[in-house]
Amino acid sequence: MLDFLTLPARSRKPRESGITHVLDKGLGPSQIDDLLHTAAPFIDIVKLGWGTGYVTQDLAGKVARYHDAGIPVCFGGTMLELALRQDRLSEYLTAARELGMRHVEVSDGTVAMDEADKLALIRRLAREFKVLSEVGSKDPDVVIAPRTWVDSIRRELDAGAWKVITEGRESGTVGMFHSNGAVKAGLLDEIVQAVSADRLLFEAPIKSQQTAFIKEFGADVNLGNIPPEDVISLETLRLGLRGDTLLHFH
Amino acid sequence: MLDFLTLPARSRKPRESGITHVLDKGLGPSQIDDLLHTAAPFIDIVKLGWGTGYVTQDLAGKVARYHDAGIPVCFGGTMLELALRQDRLSEYLTAARELGMRHVEVSDGTVAMDEADKLALIRRLAREFKVLSEVGSKDPDVVIAPRTWVDSIRRELDAGAWKVITEGRESGTVGMFHSNGAVKAGLLDEIVQAVSADRLLFEAPIKSQQTAFIKEFGADVNLGNIPPEDVISLETLRLGLRGDTLLHFH
Amino acid sequence: MLDFLTLPARSRKPRESGITHVLDKGLGPSQIDDLLHTAAPFIDIVKLGWGTGYVTQDLAGKVARYHDAGIPVCFGGTMLELALRQDRLSEYLTAARELGMRHVEVSDGTVAMDEADKLALIRRLAREFKVLSEVGSKDPDVVIAPRTWVDSIRRELDAGAWKVITEGRESGTVGMFHSNGAVKAGLLDEIVQAVSADRLLFEAPIKSQQTAFIKEFGADVNLGNIPPEDVISLETLRLGLRGDTLLHFH
């Protein structure tokens, strides 16, 4: 591996900050092998987006491929939302356990949930799993006040969430973002004045969003919903090896 | 495979409705194997987009890979349009036969064709192949009246077309769609009042378009030009396993 | 391979015109094998975009995979810009040599460089490598007068550049393009009145841009920053096998 440039310091696995959380929406075995071959050190956790894990053929083989490389896998939050709506939480958890998953995502971006119920669920699951809870709506027409974001994040961390994810979807156009993909700067400011950025995982699927978070919080900001084909690109943004952040770091 | 949620009914292969028609614009052997490994039950037919089949190296090996998995393959309509323009129909058909193809797409989206000639061609080819005929123009500036769409669709079905494809291109911005990708709702209404949706195959490359058709016609609507990397995502939309359709089905 | 249509003449490898320059931003071994299996005759050179080559695991194995197929590989210009900024040119060149690279890209799209220094660098490197020098800024707010583009291109060719690349980035929204991706027609006119198009390599990542250059300069125009998944599509555009250029050529 090349080693002749001076680059920003980067955390190493297992990371508490500088996490890259990858959105897998249907990779096959060769694609996973390619990703691991080229970029395994930069991947901290893989989410099988929404309910894709439910329909993917040979799911056990797929999950094992990541686990054998030491990379944890979890289902998307939407799958748990539907399981709860159909009163199938225990079946969901059995499936997660049988697949060897150690992380769960708890969201309420599509199916409404009482906050007390969400916090109780986080508390319960946190005894067995690392919980990534998610705040923010998938509905572009739902606007949540910054104060409410902050309160939700604090309570979910107090309930035992490992990290709190700020919503952005695969598209990067809702939740923490305006519909054109720009970061809601005022909302972000209010959140990070109240909560350490290390406890947050910002969904940031688009390069301009990744760039904005890296410039604000540094190379070791936690970023999520990264498309697999952009994992290496994100690592170059973190290290100032791409035009967008080169002059920021060097 | 997971099986603990209650989901909408889905047709099984060989399907007459609920077809997923995939646009392959240049996949290689490992990518095809990945697609088949993770999603073969959801793929009903693969189109080698426009003239990509003409230049792809090892085309016979590629087509055989799909055929061995029981998935039919056809050329894109544009390739037939050029063959007709150069008076090479018989050479085109010889190539299709030698590759073991059982489907052909007949379109006139780029090269103008008299309707009588198009119908005669459909009639002739329907004796040997399943014909997917296509209506609508690839030119964003060409607006065809709804009545004309309906008439064309009916005549092409009468001539023996297996399904009629409504144009959308790879981009989803022409034919059945406005230039911003939104479905032309009035046009769609008029078509489906006259023709059963089961006889149509809607090109719908974009998630918002897939969602709109699924909400209108149900899980088993026929959808085409699906990017390979979105086959699993489309299946989750059909089953209410993604935020966009979850509350519609559950 | 199919051979029954009459198509525009195309150059063959090793090409001086009609070059397809591919942007690899992190492909793994199976993806590279797929690309070579389906499209090797259409790929003239591969660029490891910006600093991706610096962080990619098993870089030597990756580069060898292309080289074994007779396809040259080079680093992105941004990596050299950072090496110069950190006074590590000799380390950069050692790495390039050890990987067997025969091409280098010299750019100043992010880090400012005196023109005299850039020309001296091109002169020096041209003794050992084929130099692709790049003109134009990655900053969308920087507008460079056409006369300045022309002067820079001429001087860099005089200094020994093999081809001069006109900036477009991965996005196709800067340099030679307006922010909406449209070609800057006046700029293009002025350049090609002064310099033969064969000495230029136009970054053109988007289909509409590729189409515009092909219609202007023919099948054998030099095009760069082509996404790997679009190499076959580009070849169909060059040959009139896609709707966008069919009527132009046939």
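By convention in this document, chain letters (A, B, ...) are assigned in the order of the sequence lines, proteins followed by strands, and residues within each chain are numbered from 1. In this text, all values refer to a predicted model and were calculated from it rather than measured experimentally.
- Contact check on B:K138 versus C:D244 returns no salt bridge, with no Lys/Arg side-chain nitrogen under 4.0 Å from an Asp/Glu carboxylate oxygen.
- Among residues 94-125 of chain B, the residues having any heavy atom closer than 4.5 Å to a heavy atom of chain C are, in sequence order, B:A95, B:T110, B:V111.
- Side chains of C:R242 and B:T52: a donor-acceptor N/O pair is absent below 3.5 angstrom, by distance only.
- Counting heavy atoms from C-beta outward, B:S30 and C:D33 have side chains that stay 4.5 Å or more apart.
- Both the backbone and the side chain of B:Q31 have a heavy atom closer than 4.5 Å to some heavy atom of chain C.
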B:M79 and C:L2: CA distance, side-chain angles, deciding distance, side-chain contact (heavy atoms from CB on, under 4.5 Å) verdict: CA-CA 12 Å; B:M79 188 166 145; C:L2 301 182; 3.6 Å; yes

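- Partners of C:P228 by side-chain contact (heavy atoms from CB on, under 4.5 Å), not counting sequence neighbours, listed by chain and number: C:V22, C:L27, C:L35.
- Interface check for chain C: of the options B:V55, B:D34, B:D139, the most heavy-atom pairs under 4.5 Å are formed by B:V55.
- Looking only at distances, no side-chain donor or acceptor of B:Q57 sits under 3.5 Å from a matching main-chain atom of C:A40.
- For the pair B:R85 (side chain) and C:H250 (backbone), a donor-acceptor distance under 3.5 Å is present.
- Atom-to-atom distance recorded for B:L82:CG and C:L239:CG is 10.0 Å, nearest 0.5 angstrom.
- Of the possible donor and acceptor atoms, none in the side chain of B:Y92 sits under 3.5 Å from a partner among the backbone N and O of C:L5.
- Around the CG atom of B:D87, the shell of radius 6.0 Å holds no more than 12 heavy atoms that belong to other residues, nucleotides or ligands.
- When all heavy atoms are compared, the tightest approach of B:T78 to C:L241 is CG2-O, 4.0 Å.
- With rounding to the nearest 0.5 angstrom, the CG atom of B:D24 is 9.5 Å from the OG1 atom of C:T38.
- Put simply, the side chain of B:Y54 gets close to the backbone of C:F4: a donor and an acceptor are under 3.5 Å apart.
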